[in-house]
Amino acid sequence: MEEHINRKFHSRLQTETVKMNLSWGIAAAGRITHDFVSALDTIENSKHSVVAVADVDGQRAREFAQRHQIPRHYDGFDALSLDRTVDVVYVGTLNPYHHTVVRLMLERGKHVLCEKPLCLSLKQAQELYALAERKGVFLMEGMWSRFFPSYERLRELLLSDSIGEVALIKVQHGFRATGVERISSRALGGSITLDIGLYALQLGQFIYGTAPIKIKASGTLNGDGVDVQSEFTLDYGNNRRLIARVSGLESLENDARIVGSKGEIKLSNYWCCTQLTRPNGSTESWPLPTTSKFDFHHTNSCGLRYEAEEVRQCIEKRMLESPKYTHAASLELIGIEDEIRRQIGVTFDDVIGFNK
C-alpha cells in the first residue's frame, strides 16, 4: 500500500514553470458542461477563464454563451479547434463523440480534459494518448473523484495504518435512470457500468495500486442491449477484493466502505466525496462553496473545480499527464471496463464513431 501511494509518476516535464491564466474552450453546450463552467466560477482568485463554446447546434451554443457570458460561440467543433485564444478544451459531448472531438483538438495542438469515459474502447484510448504525446499536449480523462480533498485525506489515513491491511472495498451506487437516453441507448454509448461503475473501479485502483488478477461480472440488459444494472467482483490477490453493485433501476446508499484488519472507513457519495467517516465513528467534511449565480445539475458537481485546478497546475508545469491520474491508470480502467462489458454482453461495434 505505502509503496503504491508514494510512487513517483514520471511524466514528461520541463524544469521551467510558467505562471499562466488558463483559457478554456467548451465542447458541447449541455448539463455537464454547464456544471463545469459554473464550478470554475467558484474558484477564488481564479486563473481560469472561459473564452469560447461550441456545439453541433449553433443555437444551443449561442444560448450557453449568453447564459455564462462567454465571448465567442461556434456552430460545430472545427472552429473551436482553430480558436488561437483557447489553451485547453473541456470535452463534454455524448460518449460516442468523445474520440472524434478529442482527436480533433489534439491534432490542432489543444490541451484536453475529457469527461469520462474517455472512449468506448481501450483501442480508441490508446490512440488518443499516443497522439497527445506526439503532439506534446496535456490530455486527461476527467476522473474527478481523484482530486477531491477527501481522497488526499483517505491516502493519509491509509498510509498511517489507521485501518490496517485493506482486504475489502464494498461499493453500492444507484439512481433511477429509466428514460435517461444517454445511459439507456446503445447508439449513444449508454451503459450504467460506463456511467457510474467506472467510479467503483477507480477506487479499487486507488487503494490497491494494482490491476485485478480476476474479474467476475453479471448484469441486466434492457431491450437495446445496454446494461442498466451490474454487479462485479474484482480479485486483487492476497485476499483483497472489490465488490460493487451499480444500478440505473433503483436508488442506493451511494457509499463505499473500505474494510481493513483494524477497522473501516466510509466514504459518503464516494465518487464526489465531501464527507469521510473514520474508524472511531468521527466524521471529516470538506464543504463545497455555495453560489446563487447558477444551479448545478449533478451531485456535488461544484467539485469539478478541483480537477480544473489540477489541469491548470499540470499545464503550468508543462506536464503531459496528471500524476494523480496518469494515462496508464486510465488505460488500465478502460481495459477492465471492456472486460466487464464483454462478460455482461454489451457491445458498441456499430455505434457511431466507434471504429474511427
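Note: hydrogens, waters and symmetry copies are ignored here, and every other heavy atom, side chains too, is used. Source: prediction; values computed, not measured.
Put simply, the side chain of Asn222 gets close to the backbone of Val226: a donor and an acceptor are under 3.5 Å apart. Checking side-chain atoms of Ser49 against main-chain N and O of Val51 turns up no donor-acceptor pair under 3.5 Å. Side chain of Thr33 to main chain of Gly30: a donor-acceptor pair is present (N/O by atom type, distance under 3.5 Å, no hydrogens or angles). Side-chain N or O atoms of Ser162 include one that pairs as donor or acceptor with a backbone N or O of Leu157 at under 3.5 Å. In this structure a side-chain-to-backbone donor-acceptor pair under 3.5 Å is missing from Asp235 to Lys214. The closest donor-acceptor contact from the side chain of Lys116 to the backbone of Asp195 lies under 3.5 Å. Judged by distance alone, the side chain of Ser38 and the main-chain N or O of His34 form a donor-acceptor pair under 3.5 Å. Distance alone, capped at 3.5 Å, is enough to place a donor-acceptor pair between the Asn300 side chain and the Cys272 backbone. Judged by distance alone, the side chain of Thr283 and the main-chain N or O of Thr277 form no donor-acceptor pair under 3.5 Å. With Gln343 contributing its side chain and Ile215 its backbone, the two residues share a donor-acceptor pair below 3.5 Å.
You'll find the side chain of Trp24 reaches within 4.5 Å of the side chain of Leu22, heavy atoms only. Side-chain contact between Thr347 and Arg341 is absent, with no heavy-atom pair separated by less than 4.5 Å. Side-chain contact check for Val137 versus Lys110: every heavy-atom pair is 4.5 Å or farther apart. Residues Leu168 and Arg240 have side chains not in contact (no heavy-atom distance under 4.5 Å, counting atoms from C-beta outward). The side-chain heavy atoms of Phe147 and Leu304, taken from C-beta on, include no pair separated by under 4.5 Å. Taking the side chain as every heavy atom from C-beta outward, Thr93 and Phe77 approach each other to under 4.5 Å. Taking the side chain as every heavy atom from C-beta outward, Thr85 and Arg72 approach each other to under 4.5 Å. Looking at Leu242 and Lys170, their side chains never come closer than 4.5 Å, going by heavy atoms from C-beta outward.
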Problem - Intermediate values then yes/no, salt bridge (charged side-chain N to carboxylate O under 4.0 Å, His left out), Lys262 and Asp161 - result: CA-CA 9 Å; Lys262 298 180 182 178; Asp161 200 37; 2.7 Å; yes
Practice task
Show the numbers, then the answer: is there a side chain to side chain contact (heavy atoms under 4.5 Å, CB included) between Leu80 and Met105?
Solution key: CA-CA 8 Å; Leu80 179 64; Met105 299 304 164; 3.9 Å; yes
Handout entry: Criterion side chain to side chain contact (heavy atoms under 4.5 Å, CB included) on Val89 and His111, from CA distance to verdict
Key = CA-CA 6 Å; Val89 177; His111 305 294; over 6 Å; no
Handout entry: Verdict with reasoning, His99 to Lys123, per side chain to side chain contact (heavy atoms under 4.5 Å, CB included)
Key = CA-CA 11 Å; His99 177 258; Lys123 180 180 178 181; over 6 Å; no
Practice task
Give the intermediate values and the outcome of side chain to side chain contact (heavy atoms under 4.5 Å, CB included) for residues Gln172 and Asp255.
Solution key: CA-CA 6 Å; Gln172 52 174 337; Asp255 64 8; 3.7 Å; yes
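Two different hydrophobic clusters hold Phe296 and Ile26 under the rule that ILVMFWY side chains link at heavy-atom gaps under 4.5 Å. Residues Leu333 and Ile243 do not share a hydrophobic cluster, clusters being chains of Ile/Leu/Val/Met/Phe/Trp/Tyr side chains in contact below 4.5 Å. No continuous path of ILVMFWY side-chain contacts below 4.5 Å connects Leu201 to Val259, so the two sit in separate hydrophobic clusters. Follow the hydrophobic side-chain contacts under 4.5 Å out from Ile183 and you reach Ile32 in the same cluster.
Closest heavy-atom contact between Asp338 and Leu120: OD1-O, 4.0 Å. The nearest pair of heavy atoms linking Val171 to Ala256 is CG2-CB, 3.9 Å. Closest non-hydrogen pair, Asp83 versus Ala52, comes out as OD2-CB, 3.8 Å. Cys314 and Pro323 get closest at one heavy-atom pair: SG-CD, 4.2 Å. For Val228 against Ile192, the heavy-atom pair with the smallest separation is C-CG2, 3.5 Å. For the residue pair Gly204 and Ile169, the shortest heavy atom distance occurs at CA-CD1, 3.8 Å.
Residues forming a salt bridge (Lys or Arg N to Asp or Glu O under 4.0 Å) with Glu250 (at least two apart in sequence, or on another chain): Arg245. In terms of the salt bridge (Lys or Arg N to Asp or Glu O under 4.0 Å) criterion, Glu63 has no residue partners (sequence neighbours excluded). With sequence neighbours left out, Asp87 forms a salt bridge (Lys or Arg N to Asp or Glu O under 4.0 Å) with no residue at all.
One finds the CD1 atom of Ile196 at 7.5 Å from the OG atom of Ser247 (value rounded to the nearest 0.5 Å). Here the straight-line distance linking atom CD1 of Ile258 with atom CG of Leu154 works out to 4.5 Å at 0.5 Å rounding. Taken from OH in Tyr90 to CE in Met140, the straight-line distance is 10.0 Å, to the nearest 0.5 Å. If you take CG on Leu252 and CZ on Phe175, they are separated by 10.5 Å, rounding to the nearest 0.5 Å. Note: Cys114 SG to Met143 CE = 11.0 Å, rounded to the nearest 0.5 Å.
Salt bridge Arg153/Glu284: present, at least one basic N to carboxylate O contact under 4.0 Å. Salt bridge Glu316/Arg312: present, at least one basic N to carboxylate O contact under 4.0 Å. The existence of a salt bridge linking Asp78 and Arg108 is confirmed by a sub-4.0 Å separation between a basic side-chain nitrogen and an acidic carboxylate oxygen.
Below 30°, between 30° and 60°, or above 60°: for His327 and Tyr129 the angle between ring planes is below 30°, a parallel geometry.
A donor and an acceptor atom, one from each side chain of Tyr199 and Trp144, are located under 3.5 Å apart. Between Thr193 and Asp227, the side chains place a donor N or O and an acceptor N or O closer than 3.5 Å (distance only, hydrogens not considered). At a cut-off of 3.5 Å, with distance as the only test, no side-chain donor of Glu165 or Ser261 sits close to an acceptor on the other residue. Donor-acceptor pairing under 3.5 Å is lacking for the side chains of His73 and Gln66. No side-chain N or O of His98 forms a donor-acceptor pair with one of Gln124 less than 3.5 Å apart. Checked by atom type, the side-chain pair Tyr74/Asp55 shows no donor-acceptor distance below 3.5 Å. A donor-acceptor contact closer than 3.5 angstrom links the side chains of Glu141 and Ser330.
Other residues, nucleotides and ligands place no more than 12 heavy atoms under 6.0 Å from the CG atom of Asn239. The environment of Arg241 atom CZ is sparse: at most 12 non-hydrogen atoms of other residues, nucleotides or ligands sit within 6.0 angstrom. No more than 12 heavy atoms of other residues, nucleotides or ligands lie within 6.0 Å of CD in Glu181, so this atom counts as exposed by the packing criterion.
If you run side chain to side chain donor-acceptor pair (under 3.5 Å) between Arg146 and each of Glu307, Glu152, Gln205, Glu310, only Gln205 comes through.
Aromatic rings of His173 and Tyr270 (six-membered ring for Trp) have centroids within the 6.0 Å cut-off, being under it.
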